[in-house]
Structures are given as structure tokens and as C-alpha cells.
Amino acid sequence: MSSAEYDIIIIGAGPAGISAAILADQHKANVLVLDENCAPGGQIYRAIEKNQQNDNKWLGQSYQDGLSLVEDFRGSRVNYLHSATVWHLSSTKIVHYSVNGKAHSVKGRQILVATGAQERPFPILGWTLNGVMSAGAAQILLKDSGLICDNAVFIGTGPLLYLIAHQYISAGIAIKAIIDTTPRGNYLRAMRHSFGALKNAKNILQGWRWKREIIKSGALYISNISGVRINGSDSVTSVEYCQKGKWKNLNCKHVFLHQGVAPELNVSLSAGCEKSWNTRQACWTIDVDQYGQSSVEGISIAGDASSITGGVAAAQKGSIAVLNMLCNMGLISSNDREVLSKPFIKKLSKELIARPFIDALFKPHLRYRVPQDSKTVVCRCEEVTLAQIKESIGLGCKGPSQLKSFTRCGMGPCQGRLCGLSVTEILAKELGIREEQVGYYNIRPPIKPVTLAELASLDES
Amino acid sequence: MFRSINSNQGELITIYFENKALNVPKDYNVATALLWAGVSDFRKTTLNNESRGPYCVMGLCFDCLININGLDNQQSCTIQVSDGMKIKRQAINSSGKNE
Amino acid sequence: MNNFDSIVVGGGLIGAAVSYGLAKSGQKVVMFDEGDNAIRAARGNFGLIWVQGKGVNSPAYAAWTRQSAKQWPDFSKELTELTGIDLAFEQSGGFDFCLNEVEFTKRRALMEIMHSDSQGEFSFEMLDNKELKQLLPSIDPTVTGASFSKWDGHVNPLYLLKALHKAFKQLGGKLVTKPVTDINYKNITFKVSTEMDEFISERVVLAAGFSNKTLAPKVGLNVPVHPQRGEILVTEKVKPFLTHPTGLVRQTHEGGLMLGDSHEDVGFDEGINLNEIQQIAKRTIAIFPCLKSVKMIRAWGSLRILTKDGLPIYDHSDSCPGAYAFSSHSGVTLAAAHALDLASCIAKDGLLPSSLACFSARRFDV
């Protein structure tokens, strides 16, 4: 395949991808948007069109704010393929994807990776039991289907955790407990970024309001703990937490875990994009310039897919990236690019100012990023525990690739999404080296599993 | 227990879980439908025979794999239910004899 | 302090097997293994213990292969007993498919040669589709047949490597995870240097894969090898369906299928080529149509370390006696022979087995 069929191929229809698509269309570029879900909105505005039919006020205003973006997207002329799973992005800007059990290839002059974020792993004892899900899962079930879980225990830290708790309470759903794992020291550390705190004052006040609301609702609010574990043999039977040296028990059947989000790396890494370790956020980020261009020519990253900056910032990043891509293709002048980018850059800066404060406040405690108990499962797919990882390090494993060889850690279908960050930090701690030195798994296609039949029938010219 | 608080559930269809009929909204995905029906254990893992079910519900964790219409390893959170669909738990044990 | 009986450069399948064997013989051994991103041929392994088809043009190679295959069951048991690691070793025979009549005829002729070259020791059967179906029920009717040999088997190659490393450590072996920068020979003593340290010994074994090329001349040896890429597809775990390994498909102990393979001249590129992967997928479903809906979850490319004639190199230096260079792309099949026969010869009188004399790299000097 030598000539590109599209000017811009956008992978992901969340705020970054949608904003980019709308703007590209306005400048008459030929755009293809590929998205895994059945409707646009990504995760943050998931099922937003469907939810207009229901009286779901509990989802909140910032969710509802996404509707106009989605409507503008629908009104544009972009080619949009929903339920399309991208399983390979080559450095030569060819995208391989599957729709309805058939694989296709398509080439773009420019590619925008807008695949968003994933939740951080939360490796504690019992996190693989039935009945344990992520807080993001609770959000998805609520948005997609109005499905809620009564009397669940929420554990963790981060804006998403408080948001879902708030949504539950707004909808009148009983929460058994919220176990807040925000390290006490974070409050002081965050105050060092007090300028950002002031800019974020509205959100901080909201957070305090929500916290009071949680306690008022009758939910147990537990904080300042030094450990937490989930008990059960097949399914959850209880949660235990340690406060002031004493372990206390809470019987429950459902647990939602959350300790922040991180970029979903696999599309970018398999295309060969370079990455760096972000110490403040304790995760890998994809290296991009001020326009979102990655280290691979013609491939740009926007939104949370490069680094975590939130939904509003994602829309700005998407627009900035697309203006640069239009300039790269000669569809607008570089002067136009600078002028047109100005409002997006301004709005982005405003979003970014509050970031250091948020990151510092909600950085998960090391004990929940690097498990304490050696029986803890680190790689869920291949059932690899911390004990097995430590044994392999003792045998000379110096990095994630060797660890993979000796333990199968990272070899399963999730391809490192739920263990990669843990493995990076475990190796860094055990070997006494920086995370940047440890490195990450070698991510290769397929990014998502693809059947042999699909592969065999791939139309390659 | 999982339950829906949406006022408008939409059209219902019939699916079968382990031969038992369930009426679920037609726009549910399989994982959601089973959670709503009170099922959270979807499969047993290959190595340690551990019970697993949905974790992320967004297609990243691959813990929600289940047998749909005779095919193993279907990622239930990414597949919409369809009328007459047959769903069964899966237990793919390793072929290893010397554990 | 840093004095050893033997130094082994390379912690892959050959290096680790020889190191283990030397440590077992009571030697004080140090094994060098580079960092995480070194080109590691040992990691790119299909896991076959394969005898059929090996050494058609070299009875000596076929014999060496058979010797190792015979020792494998005891070797596996020994490693498991020592380390507690299950290698998932099985040796109940393997198939090589013949997709048409021409292939079938050629294959039979090849097998006959191997049979007679081995004075009847190597045995095989040619199975037609009907007979094949009894053992592999999912085989496609268009597959003409296969050659079957009970000499063949498979093992988890990564656990083999892990067990060798663990056993080596348990026997008092020392592992240094730094690259070797220099080797000097003076007065029957070798000095092997890293950036920070020096190690002294009377024996040096070079089993460093491609790095052998730069290290070998330092001890008067030559290892002319070049890379050839092979690509493998790995599928999700499926119900046990393949009872025996085949040259193109094997089911691992955990349940995933490994599908191969390719032979590409792409230099040191360990990436994957989608066309090759597609060919592997097509070939696989042509043989086993029931695998159409099975999903590939990852694919990888790995470099075979090949000589011009495809045969291994076992060399002992003339100018620096006590220095050896070993290279082979069948590190799994030969692991038993490497750990047992090869290592014990080096430990005893330092002379390589006479059966390996024809594998000196001097054969390339003509």
C-alpha cells in the first residue's frame, strides 16, 4: 500500500479524537475516525447520547457538558467507524483494524492516536476475586446501563473515585464504605503547588462538599490507613483495613478499586513511539512536542494517551494536534496554525496549571503500587505473584523482558496493561535503579487479539 | 447485587445462561447482562483454577472471558447481547499433567 | 577471589547448559549474561526437541542430536528435582506435515536416508491422511500426510532456561550481568574483563550468541554466524487439542498455541512482518480449520544464529588452549548433550568429544 486513503486517521472517539475530527473536517481534510465503542464519547462521555433518553441527573453537569461536542461530531462529514478495534499501527502510518469479524488495512498521511487512559492497576491481596471491579467499571455500568451495586465498598484515591461515589449518592444508592487511601503526606506536598491549588479552588471546594455528603449519607468514611486487603475464596466476603496498627473488618460482597489513571500505551508503543517515566504521576508517558507529535514521523498523540491531563485538556490537545497536522500537509499555513491554535493553547494552559496540585494530592501510596505481600497477584492474566517475580529477580532478571521469559508476566491477552506499571516499579525498587532504566515490555502487535481467520483474510495490496 | 436505576430500559430480548432463560435489555453487553442477573464468576483460570469475572468492563483486563454460542474466550464486555444467545461459563484447564 | 575454574560468556541456552554441567562436575564457574535488551536468541524459541529432519547432510549432526534426545528424559527429571521447576517436558513423538504428494514423497526419501545413516537407530513412520486423522482428529482432509517420529518432543524453553539458571546458582555458580569487554590469554591463564572487574580462569567458553563474533578472535577462534529471523504467533489459551508437537504448531503446557514459522534475511531486525504473520495464520488454518476462530494475542520475531551450512560450531582454540566457542540454533534439543557430555569433557581433560571434531569453524576456511 503506497498511497494514503485519508489525510488524517484518528484512533479513538473520546474528547481528544472528536475535537480533532471536528476541526479537521472544518478545514476540509479527509478524515477517518476509528473507535472501539459503539457510540462516540470515549470513556468520559460514554453513552452520552443514549442517556439523553433517561432522566439521569446523577451523572452530573460535567458529563452533560460533553453532549455538544458529540453532537458537533455527528454533524460533521468525517468517516466514522464505530465498533472498530485497531490491532496494529505501523510506523509507516498503516492502521490495521477489525470490524464485524473482518480485518482491514488503511493508510493515512497523518495519524492521531487518541486512545485515552486506563486505570492504574491496584495490586492488593484479593484484587482478583469475583466481586472486585474498578471504579471506572462502576462508572461504565452506570453510564451504559444505569446499573448500580448496593452496599459496595469503594477503595482508593483520585477524582474518579470521589466522582462515582458522589454520583451514587446523588442517585440515592447506599454505599457501605469509602476507604480513602490518599496518603496523609500528600496534602502537605500538594500545598507546595498552592498556586495551582488556587486555580483549582472550585474543584477543591467541590471535593470537600462531596466528602461531607458521603459521610452524611451514612456511608462509612475511612482514611489514614496503613494497609488494605480483600478476603474471600472465589468471591469477596470482606475487606480488611489497618488503622493505627489494628486490622478491622468490613463484610461486603462488592468492591470498587481506583487509584488514578495512566495513559494506555500499547498503540503508541507498538508503533515505535518513545516514552519517558513521569515521576510525579508514577507512570509512563509518550514523548511528544508542543503539537503532540511523537518520535515517529506523522504520528501524533493527543489527550490522555500521551500524558494524563483530563477531559477538557484532551479536547484542546486534540485541536492543537490537528492544526499542526493540517499544517504538515500544507492544508493551512504555519501562520494560520499559530493563530488558530491560540485559543486552544490558552485553555490548555489553564487546565495544566492545576495539574501539579492534583497529581501531588492523589499520587497513590507506594505500598499500593508495589505490593507488600508476596502472595499478591501482579500479573492477573498469567496468575504471577510477587513471590515469583522476586525469585526471578534473584536469578538475575534485570528487566521486564527477562521477567517475562522467566515468569510469563506480561504474556497474557492484556499485554501488560494491568501489570506493566507494577512491574516497572517493582523492578526499580528491587534492583535499586530508576524506572527509566528499568524500561517496559516490548509491545508488539496485535494490540488487541485478532482471530486467525481475520488475519488470514486481511486485505493487503 | 446489581440493579438498574434507568427509567427507560428499552426493548428486552431473551438470552440463555447455562441453559436458563434471561430477559435483558437488548443494548446490554454480555458482561452487564450477567452482572445484572447476579452472576459475577465467568470462568476458571488455566493454571490455578481461580474463579474470575469482569474487572474493568472496558475491554482491557480480559478477565470477563466466557463461552458464547460455543466459542470460548469471548470478551463479554465488548459484545452486545443478541436474541437467543447461549452463554456458558468456561473452564479451560491446562494440558499439563505434572503441575 | 575472582579466580575460577571456568568462565562461560553467555547465559542463553548453550551458556546456561554448559555452566550448569561444569558446576555439576564440581567446578567453580562464573557465567556472564548481558542486560535486559541484549539480543537473546534463547528467548525466541519454539520449544521443540526435534530429531526428524536434522542432519540429513551430516550424519555426525544427526547422531549428536539423537544422543541429546536420548538423554533428555533424565536431564529433565534431574533439573526438576534440583530446582522444583516443571519444564513441561514431553517426548512422545512429533509430526512434520506434508501438504501435498510431492512433499510426502520427498519427506519419505529424507526419512529413509536418516534411517540408514543411523544404522536403523532413527525410526519413523509415514502416515497418510486417514492414519493422521486417528491421532490428530482436527486435521484437514487436504493434508496429504505427515512423517512421525517418536524421537521428537517439546518442552517449555523459557522454564528450561530458568531451571538451568536456578540449578547453576544452587550449585554455587556465580552470575555476572555485565557485558564482557575483553579477553586476554597469557601463560595458560585467561583474564576476562568487564568495565569494572577482572576474572581469571584456565577455561573460557564462548557461548555468547552473536557476540561470539567479536569475542572469538580474542582467543584465536572464528565464529562466522549470521542472523535469520523466524516469527512466531501465540494464541489465547484453548482447550487441549494437540496431543503431540508438530513442526509448525504446538500447544504449550499452559494451553496457548505457538504457530510458526518463517525464515527471513532481515539483518538484526527482531520486529514482525505482517505478511509473514499472515502466511503463518493461513498455513495453520489450512492444516487445522477449527482454529479459524482462535485469537492471536501476540507475535514476535527472533533471530536464529546460523552458520553457512546450518550446522553447529564446536571449537577448541589452538593458539589459546582452554578457550572454546560454541554456536547452535538448536539450543533446546541439544541442551541435554551440552549440559552432560560437552560440559563433562571440558571439566575432565579439556578435550572436546571426538564426534564433534567436524564442527570446528575451520571447515569454513576451505
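Below, all heavy atoms of this structure are taken into account, side chains as well, without hydrogens, waters or symmetry copies. Reminder, nothing fancy here: chain letters follow the sequence lines and each chain counts from 1.
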Next item on the list: Please round to the nearest 0.5 Å and tell me the distance separating atom CD1 of A:I175 and atom CD1 of A:I169.
Entry: 4.0 Å
Notebook entry, point to check: Given the options A:L257, A:I148, A:I173, which has more heavy-atom pairs under 4.5 Å with chain B than any of the others?
Noted result: A:I148
Under a 4.5 Å cut-off applied to non-hydrogen side-chain atoms, are [X] and [Y] in contact?
X: B:P54; Y: B:C77; answer: no
X: A:L265; Y: A:I443; answer: no
X: B:T14; Y: B:L22; answer: no

Item checked: Nearest heavy atoms of A:C409 and A:I389, plus distance in Å -> SG-CD1, 4.1 Å
Checklist line | chain B contact via A:I140 - side chain, backbone, both or neither, heavy atoms under 4.5 Å | finding: side chain
Checklist line | Engaged part of A:L141 at the chain B interface, taking heavy atoms whose separation is under 4.5 Å | finding: side chain
Check: With a cut-off of 6.0 Å (strictly less than), are more than 12 heavy atoms of other residues, nucleotides or ligands near CG of B:D83?
Finding: yes
Just list the donor-acceptor pairs under 3.5 angstrom between chain B and chain A, please.
residue : atom : partner : partner atom : Å
B:M1    : O    : A:D150  : N            : 3.4
B:R3    : N    : A:I148  : O            : 2.9
B:R3    : O    : A:I148  : N            : 2.7
B:R3    : NE   : A:D150  : OD1          : 3.4
B:R3    : NE   : A:D150  : OD2          : 2.8
B:R3    : NH2  : A:D150  : OD1          : 2.9
B:S4    : OG   : A:S145  : O            : 3.2
B:I5    : N    : A:G146  : O            : 2.7
B:N6    : OD1  : A:N56   : ND2          : 3.2
B:N8    : N    : A:N54   : OD1          : 3.1
B:D27   : OD2  : A:K50   : NZ           : 3.3
B:T45   : OG1  : A:E383  : OE1          : 2.8
B:T45   : OG1  : A:E383  : OE2          : 3.3
B:L47   : N    : A:E383  : OE2          : 3.0
B:N48   : N    : A:E383  : OE1          : 2.9
B:N48   : ND2  : A:E383  : OE1          : 3.1
B:S51   : OG   : A:N130  : ND2          : 2.6
B:R52   : NH1  : A:R380  : O            : 3.0
B:R52   : NH2  : A:R380  : O            : 3.3
B:G53   : N    : A:N130  : OD1          : 3.0
B:Y55   : O    : A:S134  : N            : 3.0
B:D63   : OD2  : A:R380  : NE           : 2.8
B:D63   : OD2  : A:R380  : NH2          : 2.7

Check: How are the rings of A:F256 and A:F154 set to each other: parallel, tilted or perpendicular (split at 30° and 60°)?
Finding: tilted
